[in-house]
Amino acid sequence: KSEAVRVASGDIGILNGAKSSVIEAEREEDGVAVDATYKIIAGSGKVFELNIAVLPEHKDEYARKVDELVSSFILK
């Protein structure tokens with residue numbers, strides 16, 4: 001359960017006719033800090049959410065993989 005959330009940045013756009021938003025946030029979950037990336041896509045009458053959480057000390061190590069996953073999460 002999230003106890004605190006601070007949004008670091010957000011981006012909203014349209015891709016392939018679907019509204020898309022990427023939100024980066026720092027949150028605390030059960031007393032543990034995590035850096036979270038959310039991608040929310042609304043299209044075809046449905047809403048899809050991708051949620052990725054990484055421990056801050058591993059953020060740089062996983063940054064490329066997170067970016068690739070977020071970029072590949074699209075509606076076809």
Side-chain angles (χ1 to χ4, degrees):
K1 182 176 179 181
S2 279
E3 298 167 354
V5 175
R6 185 181 74 78
V7 175
S9 66
D11 182 31
I12 299 172
I14 297 178
L15 180 64
N16 296 334
K19 292 182 182 178
S20 173
S21 179
V22 176
I23 301 167
E24 294 178 347
E26 297 169 352
R27 73 173 193 236
E28 189 173 299
E29 190 168 318
D30 296 327
V32 178
V34 294
D35 289 333
T37 302
Y38 304 89
K39 184 168 185 180
I40 302 163
I41 301 174
S44 303
K46 298 179 183 178
V47 177
F48 302 90
E49 177 186 344
L50 173 68
N51 178 354
I52 305 166
V54 178
L55 295 171
E57 59 267 23
H58 296 290
K59 185 176 181 176
D60 292 338
E61 179 183 347
Y62 287 96
R64 184 180 60 80
K65 292 178 183 179
V66 169
D67 288 343
E68 288 174 359
L69 186 56
V70 168
S71 295
S72 69
F73 185 67
I74 61 172
L75 295 183
K76 293 185 178 187

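Just so you know, these numbers use all the heavy atoms, side chains as well, and skip hydrogens, waters and symmetry mates.
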Checklist entry - Below 4.5 Å, heavy atoms only, C-beta onward: do Leu69 and Ile52 meet side chain to side chain? => result yes

Checklist entry - Is there a side-chain contact between Ser72 and Val70, using heavy atoms and a 4.5 Å cut-off? => result no

Item to check | Result of checking Ile23, Asp67, Val66 against Thr37 for side chain to side chain contact (heavy atoms under 4.5 Å, CB included) | outcome: Val66

Next on the checklist: Salt bridge or not between Lys59 and Glu61? Use side-chain N to carboxylate O under 4.0 Å.
Outcome noted: no

Checklist entry - Does the side chain to side chain contact (heavy atoms under 4.5 Å, CB included) test come out yes or no for Leu50 and Ile41, once each step is laid out? => result CA-CA 9 Å; Leu50 173 68; Ile41 301 174; over 6 Å; no

Checklist entry - Just wondering, are more than 12 heavy atoms of other shown residues or ligands nearer than 6.0 Å to CG in Asn51? => result yes

Next on the checklist: As an exercise, state the distance from NZ of Lys19 to CD1 of Ile40, rounded to the nearest 0.5 Å.
Outcome noted: 13.0 Å

Checklist entry - Taking all atoms of both residues into account, what is the closest heavy-atom pair of Gly43 and Phe48, and its distance? => result O-CE1, 4.4 Å

Checklist entry - Hey, mind stepping through Leu55 and Val34 against side chain to side chain contact (heavy atoms under 4.5 Å, CB included) and telling me if it holds? => result CA-CA 5 Å; Leu55 295 171; Val34 294; 4.2 Å; yes

Item to check | Side-chain (Lys39) to main-chain (Phe73) donor-acceptor, under 3.5 angstrom | outcome: yes

Item to check | Check: Glu68 main-chain N/O paired with Ser71 side-chain donor or acceptor under 3.5 Å | outcome: no

Checklist entry - So how far is it from His58 NE2 to Asp35 CG, rounded to the nearest 0.5 Å? => result 11.5 Å

